[in-house]
Amino acid sequence: MSIDAAGPVGEVGRHVPAFSSALRPRPGDELAEWGGPALVLGKRVLDLGCGDGRFALGVASFAANVEGLDPDEEGIAAAKKAARKAGARNVRFSVGAAQRLPHPGGAFDVVILSWTL
Amino acid sequence: MVHALREVHRVLAPGGILIDARPDSRVAAYAERRKRRGFQRFGVVNTSRRELSNDRASDRAIARAVHEGMFKRRRRGRFWHRVPFGSLAELRKYLWEHLRFVRRARWVVDEATRSRYANEPFVVRRAVRYEILERVTR
């Protein structure tokens, strides 16, 4: 099966390998390919390398809560702005690195590395 | 990367799952013309050597995490994803500027055909792989 990107590419994502949101599948499409919303339904989700929050916000309506973490401050600022705009109350974004997670053990049911590793 | 996976193991609850999804560089991507119905293959787009190396390093990190008993593999799969462009020139610009792919497609149609359809919509169709792993309690 093939799925389309969210929209035309334009200038977005220049000089980066493949990680720009506009170049990636829509969150709902990607989640459907993985097995559907049941994977995150009512779960505590960590989106590692969340970038501008595209995926975290996309699954927020299914999850109990979603944390997005990314070392890119600009990406996190964009994610917070998008969360405010979307009115998402169960999503939190912060700057950080995957090598030293600021969370206690067993804090999540699902960790997502979407185009991150 | 293995260090990050150890952290993932730590923050996951028992029985929790890790989803690893990324472009699948083991198969080529394709430059295709969008027709009224379906697509016509115009070229093959290979992954850059650097990204191939990065992808293999990621594969090794996952394999090591499984070998060390942090996770067990539950399910994996692949799907295709299309990145749209307004014209062939836009597609070529994308290939030239992005690091993931080699800069030029290997065309499978002649130059006259490329010129004839140059201003029509094109896509890069590429594979995305995913794997679902379950946290193992050690």
Counting only non-hydrogen atoms closer than 4.5 Å, can you tell me which residues of residues 34-43 of chain A sit against chain B?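 Against chain B, the residues of residues 34-43 of chain A that fall inside the cut-off (heavy atoms, under 4.5 Å) are A:W34, A:G35, A:L39.
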
What residues of residues 64-99 of chain A sit under 4.5 Å from chain B when only non-hydrogen atoms are counted?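 Counting heavy atoms that sit under 4.5 Å from chain B, the residues of residues 64-99 of chain A involved are A:A98, A:Q99.
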
Between B:I19 and A:V111, is any pair of side-chain heavy atoms under 4.5 Å apart?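 Not in contact.
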
Kindly determine whether A:D109 and B:I17 satisfy side chain to side chain contact (heavy atoms under 4.5 Å, CB included), including the steps that lead there. CA-CA 6 Å; A:D109 305 304; B:I17 60 168; over 6 Å; no

What about [X] and [Y], same hydrophobic cluster or not, with Ile/Leu/Val/Met/Phe/Trp/Tyr joined at side-chain heavy-atom distances under 4.5 Å?
X      : Y      : answer
B:W107 : B:Y94  : yes
B:V102 : B:F122 : no
B:I132 : A:F62  : yes
B:L88  : B:W96  : no
A:L113 : B:V136 : no

About how many Å separate [atom2] of [Y] and [atom1] of [X], when rounded to the nearest 0.5 Å?
X      : Y      : atom1 : atom2 : value
A:R24  : B:R22  : CZ    : CZ    : 13.5 Å
B:E7   : A:L46  : CD    : CG    : 10.5 Å
A:F108 : B:R135 : CZ    : CZ    : 13.5 Å

Please determine whether the number of non-hydrogen atoms from other residues, nucleotides or ligands lying under 6.0 Å from atom CZ of B:R75 exceeds 12.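 Enclosed.
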
Quick one: what part of [X] sits under 4.5 Å from any heavy atom of chain A, side chain, backbone, both or neither?
X      : answer
B:V124 : neither
B:L12  : both
B:R6   : neither

Start with the C-alpha distance between B:L18 and A:V110, add both sets of side-chain angles, then the distance that settles side chain to side chain contact (heavy atoms under 4.5 Å, CB included), and finish with yes or no. CA-CA 6 Å; B:L18 165 64; A:V110 179; over 6 Å; no

For B:Y130 and A:E30, what are the C-alpha separation, side-chain angles and deciding distance, and is it a side chain to side chain contact (heavy atoms under 4.5 Å, CB included)? CA-CA 10 Å; B:Y130 67 88; A:E30 200 163 357; over 6 Å; no

Nearest heavy atoms of A:H103 and B:V11, plus distance in Å: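 Scanning both residues, the minimum pair turns out to be O-CG1, 3.9 Å.
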
Kindly give the heavy-atom pair with the smallest separation between B:A13 and A:R44, and that separation in Å.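 The answer is CB-NH2, 3.7 Å.
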
Short side-chain to backbone donor-acceptor contact, A:R100 and B:A4, under 3.5 Å: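 Answer holds: no.
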
